[in-house]
Amino acid sequence: MHIIFLGPPGAGKGTQAEIISKKYNIKKISTGDILRSEMENGTELGKIAKQYMEKGELVPDEIMIKIIENHIKNLNSFILDGFPRTLNQALELEKITKIDKVIYINVPDEEIKNRLLKRGRLDDKPEVIENRIKVYREQTQVLIDYYKKKGILYEIDGMGSIEEISKRIESVLINPT
Ligand code: ADP
């Protein structure tokens, strides 16, 4: 199964992708984790990514698409966490593979800010958070409609305990169609 996890920053995509990935033995590809690991290793890609990530901007599509292409090659099943984030990324993804289900984790704005402030990652500073939310609204939110029209969007209430949310996601993944 080819799955996308979609939602605002701080929605819990990464946490849930990790849980589902382990439980069902589906490979998880988290673009944020990939970029952070490149940064830690001081690679060329990491240096480029850093300039965007520390401002809460998106890393250019061409770079992200290449990363995804390399990672999904030869995989029968995967969960994408953090990709696509723009319509262009979604269109390019379609040329490489077919997506079965998009899990959209919905969390209200106020809750998002609280969660990110608590998390305290390098790009979780108040100004950067504001910009990431803005970028999400301007560039990523259109994907909700895009996948809804294709009939493959499944909206999950992202409020509740981690376990409750995993159960909601599992019931969507287990159900046929
Ligand atoms: P969150 O889950 O809080 O949104 P991520 O770890 O997914 O955070 O992403 C952190 C940052 O990595 C983003 O703000 C962006 O700069 C960069 N990034 C991750 N995925 C992508 C992508 N698909 N396209 C462009 N930039 C990305």
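Remember, it's a predicted structure, so these values are computed and weren't measured experimentally. Order of appearance sets the numbers: ligands from 1, and atoms from 1 within every ligand.
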Side chain proximity check, Gln139 to Arg85, heavy atoms < 4.5 angstrom: no

Nearest protein heavy atom with distance in Å, relative to atom 17 (C) of ligand 1: Leu35 CD1, 3.6 Å

Identity and separation of the nearest protein heavy atom to atom 9 (O) of ligand 1: Arg85 NH2, 3.4 Å

Atom indices of ligand 1 within 4.0 angstrom of Gly10 heavy atoms, with elements: 3 (O)

Residue Asn25 excluded, over 12 heavy atoms near CG under 6.0 Å: no

For Arg36, the ligand 1 atoms whose distance to one of its heavy atoms is below 4.0 Å: 6 (O), 10 (C)

Residues Lys95 and Glu92 bridged, charged N to O under 4.0 Å: yes

Basic-acidic side-chain contact under 4.0 Å: Asp124, Lys118: no

Atoms in ligand 1 with a heavy atom of Arg119 nearer than 4.0 Å: 3 (O)

Residue Glu44 excluded, over 12 heavy atoms near CD under 6.0 Å: no

Over 12 foreign heavy atoms within 6.0 Å of CG, Asn41: yes

Nearest protein heavy atom with distance in Å, relative to atom 24 (N) of ligand 1: Gln89 NE2, 2.9 Å

Single-linkage hydrophobic cluster, 4.5 Å side-chain cutoff, Ile144 and Ile165 together: no

Protein contact to atom 26 (N) of ligand 1 [nearest heavy atom, distance to 0.1 Å]: Val59 N, 3.0 Å

From Met64, Arg121, Met53 - option closest to atom 8 (O) of ligand 1 by heavy atom: Arg121

Nearest protein heavy atom with distance in Å, relative to atom 16 (O) of ligand 1: Glu57 O, 2.6 Å

Test: Glu18 and Lys22 ion pair at under 4.0 Å: yes

Protein heavy atom at shortest distance from atom 3 (O) of ligand 1: Arg132 NH2, 2.7 Å

Heavy-atom neighbours of Leu75 CG exceed 12 at 6.0 Å: yes

Protein residue, atom and distance nearest to atom 2 (O) of ligand 1, heavy-atom basis: Lys13 NZ, 3.8 Å

Nearest protein heavy atom with distance in Å, relative to atom 20 (N) of ligand 1: Thr31 OG1, 2.8 Å

N/O separation below 3.5 Å, Pro9 to ligand 1: no

Residue Asp123 vicinity, atoms of ligand 1 by number, heavy atom under 4.0 Å: 10 (C)

Test item: His71 side-chain N/O and Lys66 main-chain N/O as donor-acceptor pair under 3.5 Å: no

Contact with ligand 1 for Gly14, non-hydrogen, under 4.0 angstrom: no

